[in-house]
Amino acid sequence: VPVTTLLAQRLEPTLSIAVLTMAVAVLVSVPLGTLAAHRAGSWLDRLVMLFAVLAFSVPVFLVGYLLIYGFAIQLEWFPVQGYVPLSEGVGPWLRSLALPCINLALLYMALLTRMTRATVLEVLQEDYIRTARAKGLGVLPVLVHALRNAAIPIATTVGVGIALLIGGVVVTETVFAIPGVGRLVIDSVQRHDYPVIQSVLL
């Protein structure tokens with residue numbers, strides 16, 4: 001079988017995980033980081049930073065097994081393993097990807113939350129923010145204004161994260177038995193299938 005055919009068969013699950021993971025991570029971490037920057041030094045800020053440190057420190061495979069045990073085996077909300085293609089319906093597709101995406105999103109949420117907090121905190125010290133506050137702008141418009149100006153480093157981190165996700169979901173795909181590019185690499189290494197390994201890495 002040509003390597004391009006193998007890659008084409010395995011690309012949908014990996015891209016699905018990458019896109020959903022980044023969507024969840026951005027939707028949660030940007031507001032969380034902005035809130036932490038706004039309330040810098042408070043208990044809320046400390047709580048958010050504690051979450052970021054824990055999410056970044058705990059190994060991905062351990063979180064994956066805990067999610068499987070809690071939500072798939074005990075509560076039976078999600079399937080334990082496997083992947084349902086998008087062609088079989090959006091509901092089953094999302095259900096099969098929920099746990100792997102949450103598993104990976106925790107790591108990127110930690111990274112993005114810390115980056116957002118740092119950049120927004122820096123922007124909030126600028127003169128134009130003090131001027132906006134002096135003019136009587138409310139908290140939300142000031143934070144939106146600050147976030148807009150702090151968006152470049154955040155966008156860069158998101159871009160790098162997407163690139164890492166496409167090639168770096170090996171552990172998650174193995175834990176959740178998802179037939180993506182990561183699993184293809186593992187299978188190819190075990191079979192000493194060098195053309196496939198070279199193509200995937202390239």
- Task: Flag the pair R95 / V84 as yes when at least one side-chain heavy-atom distance between them is below 4.5 Å, and no otherwise.
- Result: no
Heavy-atom closest pair (N103 atom, G64 atom, distance to 0.1 Å) is OD1-N, 3.4 Å
Review point. Does the side chain of S42 come within less than 4.5 Å of D45's, by heavy atoms?
Key: yes
Taking T5 for its side chain and V1 for its backbone only, find out whether a donor-acceptor pair lies under 3.5 Å. no
Check: So Y194 and H192, would you call those rings parallel, tilted or perpendicular, with 30° and 60° as cut-offs?
Finding: tilted
Distance col, row T113:OG1 vs L35:CG, nearest 0.5 angstrom, shows 11.0 Å
Would you check if P85 and W93 make a side-chain contact, meaning some heavy-atom pair closer than 4.5 Å? no
- Query: Is atom CZ of F71 surrounded by more than 12 heavy atoms (other residues, nucleotides or ligands) closer than 6.0 Å?
  - Reply: no
Item checked: Check: L54 main-chain N/O paired with S57 side-chain donor or acceptor under 3.5 Å -> no
Q: Kindly check if the number of other-residue, nucleotide or ligand heavy atoms within 6.0 Å of CZ (R183) is above 12?
A: yes
Quick one: does I102's side chain get under 4.5 Å of T21's, heavy atoms only?
no
d(S199 OG, I197 CD1) to nearest 0.5 Å is 10.0 Å
Smallest heavy-atom separation, L99 atom then A72 atom, equals CD1-CB, 4.1 Å
Checklist entry - For the hydrophobic clusters of this structure (ILVMFWY residues joined by side-chain heavy atoms under 4.5 Å, transitively), does one cluster hold both L27 and V30? => result no
Nearest heavy-atom approach of A110 to A52 is CB-O, 3.1 Å
- Message: Hydrophobic cluster membership, with links at side-chain heavy-atom distances under 4.5 Å among I/L/V/M/F/W/Y: are Y65 and L107 in one?
- Response: yes
One should read off an interatomic distance between L97 CG and L20 CG, to the nearest 0.5 angstrom, of 6.0 Å
Side chain to side chain, Y83 and P179, heavy atoms closer than 4.5 Å: yes
Main chain of T4, side chain of Q9: is a donor-acceptor contact present, judged purely on distance under 3.5 Å?
no
Distance col, row R191:CZ vs I186:CD1, nearest 0.5 angstrom, shows 11.5 Å
Output for pair (M109 CE, M22 CE), nearest 0.5 Å, gives 11.0 Å
message: Strictly distance-based, threshold 3.5 Å: is any side-chain N or O of R10 a donor or acceptor partner for the main-chain N or O of G180?
response: yes
### Task
Flag yes if more than 12 heavy atoms outside I152 fall under 6.0 Å of its CD1 atom; otherwise flag no.
no
Side-chain touch D187/Q190, heavy atoms, less than 4.5 angstrom: yes
Self-check item: Expected output: side-chain S188 to main-chain D193 donor-acceptor under 3.5 Å
Solution: no
Closest heavy-atom pair, A105 versus V24, reported as atoms and distance to 0.1 Å, is CB-CG1, 3.9 Å
Practice task
Using the rule that two of Ile, Leu, Val, Met, Phe, Trp, Tyr join whenever any of their side-chain heavy atoms come within less than 4.5 Å, decide whether V28 and V120 are in one cluster.
Solution key: yes
**Message:** For Q81, is the CD atom crowded, meaning more than 12 foreign heavy atoms sit under 6.0 Å from it?
**Reply:** yes
Does W77 share a hydrophobic cluster with V175, counting links as ILVMFWY side-chain heavy atoms below 4.5 Å and allowing steps through other members? yes
With a 4.5 Å heavy-atom cut-off, do E173 and L184 have their side chains touching? no
Task: Working for side-chain contact (heavy atoms from CB on, under 4.5 Å), residues L86 and E12 - done: CA-CA 9 Å; L86 186 56; E12 186 194 322; 3.8 Å; yes
query: Is it true that L121 and L112 fall in one hydrophobic cluster, defined by side-chain heavy atoms closer than 4.5 Å?
result: no
A side-chain contact here means heavy atoms from C-beta on lying under 4.5 Å apart; do V63 and L67 qualify? yes
Closest heavy-atom pair, T14 versus G182, reported as atoms and distance to 0.1 Å, is OG1-N, 4.3 Å
>> What verdict does the side-chain contact (heavy atoms from CB on, under 4.5 Å) test give for L6 and V196, after you've listed the backbone C-alpha separation in whole Å, the side-chain angles of each residue and the deciding distance to 0.1 Å?
In response: CA-CA 8 Å; L6 286 175; V196 175; 3.8 Å; yes
Can you list the steps and then say if F51 with L32 is a side-chain contact (heavy atoms from CB on, under 4.5 Å)?
CA-CA 11 Å; F51 157 74; L32 212 57; 4.1 Å; yes
Here the gap from Y108 atom OH to C101 atom SG, rounded to the nearest 0.5 Å, amounts to 12.0 Å
